[in-house]
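My structure is below; once you've seen it, I'll send some questions.
When a ligand or atom number is given, it counts from 1 through the structure's own listing order.
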Amino acid sequence: MLRLSEKLPKIVVTPPGPKARELLKRDANVLSGSVVRWYPLVVESGTGCVVRDVDGNEFIDFNSGLVVLAVGHSHPRVVKAIKEQAEKLIHYSWTDFYYKPIIDFGTSLTEITPGTYAKKVFFSNSGAEANEAAMKAARWHTRNPLFLAYTGAFHGRTFGTLSLSSSKPVHRRHFFPLIPEVTHVPYPYCYRCPFGLKYPECNMWCVDFIEEEVLKKFHPPEDTAAMFVEPIQGEGGYVVPPDDYFQRLKKILDKYNILMIDDEVQTGMGRTGKWFAIEHWGVIPDIITLSKSLASGLPIGATISRAEIMDWEAGSHANTLGGNPVACMAGLQVIEIINEEKLLENATRQGAYIMKRLKEMQQKYQIIGDVRGKGLMIGVEFVKDRETKEPAPDETLDILNKCFKRGLALITAGKSTIRIVPPLIITKDLIDAGLDVFEGAVKEVSSQLQ
Ligand SMILES: Cc1ncc(COP(=O)(O)O)c(C=O)c1O
């Protein structure tokens, strides 16, 4: 296992160092340019909340990979489970035959997800595939073609899920036609209310809008299969809805027999201090989709629904590699570790501490427009001006790059929000070390703006 320096982060050569630069050249020659690289971090190894690059620099990882390593990098119990299962059996398609790890993991997921009703699980390889399965199950069960989704949503990049995603034009440009039967409604983004209203005086017009202006005017509920929701909008900017929002929404969906599909790909597995973010609002969805943290970095996706929704016939939906036994054994460990190491509690406690420090920074630096989040899913939105709330994308990238050079790994969401999503095992000391780097960068960029 990686042995770390006592003082973190540790920068031995300004990144990207010579070995990283060499790999960046090779990467540019061979790998597709369709992906975004935030900055030239060339990772070699990781342990807990820290990654080491190929030149020996050690970074505090406030990204958890890409919001994946809830239990930290290479948790010893996860590594052991992977090794043991790999020695026994690496593959045997669950959609054609049977094996125990997937039955055990599926059972555990039905136990920890909200809702005491009987459930069924469909396993796949990614978040997009989990959502694709949810779309297909909803259509098959209801025999209805239409979907509702949010502006700013991100549910994946397959043609089905891309039709739901709406957070950036670059995701869709030159890929049309998509699935035409999706209507997007405004997400409850109170800091930038799409209706120009203020909570709570608005009386949550954004929920009534769905009924009054969409369902009653042009999107017939009787033709609608489901509505996709992210309980906290991730890629769209780390946006947290007001407290009573989802309960009001669910009432409307139930009134019209529209299924609620809760995409917990980013928010799930304890990220927000509860197993699933929707639990903060006491709402029980009809389908939940999971991926990212599910198997601590091994590819897997899961779609968990009320049992009666997955009444589709044999052969109607399947895959080859989904629900891989090694990933299932890793996933079982993730659940046990979250329980035994009390990581929901840690996420709540450390998240509250991070919020406190960020709110203090907000008092000092005009560039911080908003700080929001739950547990260890926190967004810091940067603005050029507190009054006009003009987004500050260039300054946000400048902060990101400064942090990188100093040993803190971060990424953005939305136009100008930085995500703070460390592994759920993070300690106060490491948070302080990371936030000190962050504050240093914010201070410098903020002073350049004045
Ligand atoms: C909420 C949400 N849903 C779905 C996805 C897609 O997951 P994947 O990249 O595994 O296809 C993501 C990825 O960021 C996500 O954040």
Check your understanding: Is the Y245 ring parallel, tilted or perpendicular to the Y150 ring (thresholds 30°, 60°)?
Key -> tilted

Point to revise | side-chain hydrogen bond (donor to acceptor under 3.5 Å, both in side chains) partners of residues 300-310, not counting sequence neighbours, each pair once | key: D286-R306

Review point. Run the side chain to side chain contact (heavy atoms under 4.5 Å, CB included) check on F59 and V43 step by step: do they pass?
Key: CA-CA 10 Å; F59 297 80; V43 182; over 6 Å; no

Study note, to complete from the structure: V42 meets the side-chain contact (heavy atoms from CB on, under 4.5 Å) criterion, sequence neighbours left out, with A20, L23, L24, V54

Practice item. Would you please name every residue forming a side-chain contact (heavy atoms from CB on, under 4.5 Å) with L197, sequence neighbours left out? Key: C193, F195, C202, W205

Practice item. With side chain to side chain contact (heavy atoms under 4.5 Å, CB included) as the test, would you mind laying out the steps for R139 and N144 before giving the verdict? Key: CA-CA 5 Å; R139 269 194 175 172; N144 291 338; over 6 Å; no

Practice item. Kindly tell me which protein residues have any non-hydrogen atom under 4.0 angstrom away from an atom of ligand 1, grouped by chain and ordered by number? Key: S126, G127, A128, N131, F154, H155, G156, E230, D263, V265, Q266, K292

